[in-house]
Protein chains: 2
Amino acid sequence: MFESYHQILKRNRYKVTPQRKAILEVLDNTRGMHFTAEEIYNQVKKTNPQIGIATVYRTLELLVRLEIVYKSSFDEGRHRYEFYEGDRHFHHHFLCNKCGVIIEVEEDYLCQLEGVLEERGFMISNHNLRLYGLCPACHRKEKHPETR
Amino acid sequence: MFESYHQILKRNRYKVTPQRKAILEVLDNTRGMHFTAEEIYNQVKKTNPQIGIATVYRTLELLVRLEIVYKSSFDEGRHRYEFYEGDRHFHHHFLCNKCGVIIEVEEDYLCQLEGVLEERGFMISNHNLRLYGLCPACHRKEKHPETR
DNA sequence: ACCTAATTGATAATAATTATCATTTGCAAT
DNA sequence: ATTGCAAATGATAATTATTATCAATTAGGT
Ligand SMILES: [Zn+2]
Ligand SMILES: [Zn+2]
Ligand SMILES: [Zn+2]
Ligand SMILES: [Zn+2]
């Protein structure tokens, strides 16, 4: 599984450097999280203190190009990265307006809409859906404020 | 209709300046379009050559705060603005991978997904969906390249 | 062990957006 | 109509995420 990223790099004639391995390891250890380049940089520095942030940006772009990593914007003025789990139709993200948590939503439910559009002549290759509101914890607190 | 924006500004004790009127007018004349701050700046300069781009940014932020204007990111490294048509559940956007056109999609089709999440304890207040692929024109050309 | 093109780290450059601040102005009260 | 002043503006500096540059280092094939 971790070996396979090694293979993908070799197959595309990219070198397997300690920096690239360290960045892949951080991403692998934080599945389900959505980290910024700087957050990944700070994680990687723990094991590779000499690494430069330019290498982190370059490596992330490479991994995005190789479709190993998915790059998202949640409109915060910077990007977040996570392992690409291999679905062309990627999972959705729920963002809590109160606590800021990002929760992944695996259900698709867009097939119907995409079907309508394809009947209309579109070809849909991907989608990006963000849902906003209150996560269950914040929603519960809002309904029962006395339990705070 | 244009009067109402005047009213909204006054009601919230903001001054109705020529710059704000000019920016609202540009947005009003380009409904269905999705312009960047700079594009709006260039439009407004035609009637108000003295305007500064800082005023455009400030006014757009104000209008977003007043929920008159909606601000979107299409991951191009800058934002785009359009009149908020008053729906809390905003229309979707289709982006053509080939010609770059942005087409609005009015159909919702997210109620089912949002219902599932609300059963799970979430409260969904808004969503943001971007669809990617080929617009009908580009899709047709791809299927019949000889007609180019 | 050697060679060389790829990679790295430091840092400068870029570009969108925001902050600063002196000047101007909308508008409410006179 | 005139005045007073907080709000708004325009010019521009600052900020911030990201990209480009380039000399030094290194992975991986020979
Ligand atoms: Zn929450
Ligand atoms: Zn995710
Ligand atoms: Zn197209
Ligand atoms: Zn739109």
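Proteins get letters first, then strands, A, B, ... in listed order; numbering begins at 1 in each.
Side chain R58(A) to base dG9(C): a donor-acceptor pair is found below 3.5 Å.
For H34(B) and H93(B), the ring centers are positioned less than 6.0 Å apart.
Distance, L62(B) CG to dA7(D) C1': 12 Å, rounded to whole Å. The CZ-C1' distance, from R78(B) to dT16(D), rounds to 17 Å in whole Å. Per the geometry, CD1 belonging to I53(A) stands 11 Å off C1' belonging to dT16(D), to the nearest Å. One interatomic measurement links the two molecules: OH of Y41(B) to C1' of dT17(C), which rounds to 14 Å at whole-angstrom precision. In this structure, CD1 of I51(A) is placed 16 Å from P of dT11(C), rounded to the nearest angstrom. Between the P atom of dT25(C) and the CG atom of L9(B) lies a distance of 19 Å, rounded to the nearest Å. Rounded to a whole Å, the CD atom of E61(B) is 15 Å from the P atom of dA8(D). Atom CG of D75(A) and atom P of dT16(D) are 19 Å apart (whole Å).
Residues Y57(B) and L60(B) fail the side-chain proximity criterion, which asks for heavy atoms closer than 4.5 Å. The shortest distance between side-chain heavy atoms of E82(B) and E104(B) falls below 4.5 Å. Between I51(B) and K45(B), the closest side-chain pair of non-hydrogen atoms falls below 4.5 Å.
DNA chain C is contacted by both V56(A) and E76(B); V56(A) maps to the nucleotide lying nearer its 5′ end (nearest heavy atom per residue).
The backbone N or O of L95(B) lies less than 3.5 Å from no partner atom in the side chain of R130(B), so there is not a single donor-acceptor pair. Side chain of H79(B) to backbone of K71(B): no donor-acceptor contact under 3.5 angstrom is found. In this structure a side-chain-to-backbone donor-acceptor pair under 3.5 Å is present from H92(B) to E107(B).
A close approach under 4.0 Å does not occur between any side-chain nitrogen or oxygen of R13(B) and OP1 or OP2 of dC27(C). In terms of phosphate contacts, Q50(A) brings no side-chain nitrogen or oxygen within less than 4.0 Å of OP1 or OP2 of dT8(C). Look at H79(A) and you'll find a side-chain N or O under 4.0 angstrom from OP1 or OP2 of dT18(D). For Y57(B), no side-chain nitrogen or oxygen approaches OP1 or OP2 of dT18(C) to under 4.0 Å.
Taken together, the paired segments of DNA chain D that extend over three or more consecutive Watson-Crick or G-U pairs, each closer than 3.5 Å at both contacts, are C:1-30 with D:1-30.
In this structure, of dT18(D), dT8(C), dG10(D), it is dT18(D) that holds the atom nearest to the side chain of A37(A).
In the displayed structure, E38(A) atom CD is contacted under 6.0 Å by at most 12 heavy atoms of other residues, nucleotides or ligands.
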- Evaluate side chain to side chain contact (heavy atoms under 4.5 Å, CB included) for T47(B) paired with V26(B), printing each intermediate quantity in order. CA-CA 10 Å; T47(B) 56; V26(B) 165; 5.8 Å; no

- Query: If the sugar-phosphate is the primed atoms plus P, OP1 and OP2 and the base is the rest, what is the B/S/- string for nucleotides 24-30 of chain D, using protein heavy atoms under 4.0 Å?
  - Reply: ---BS--

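Between L113(A) and D108(B), the shortest heavy-atom distance links the atoms CD2-O, 4.0 Å.
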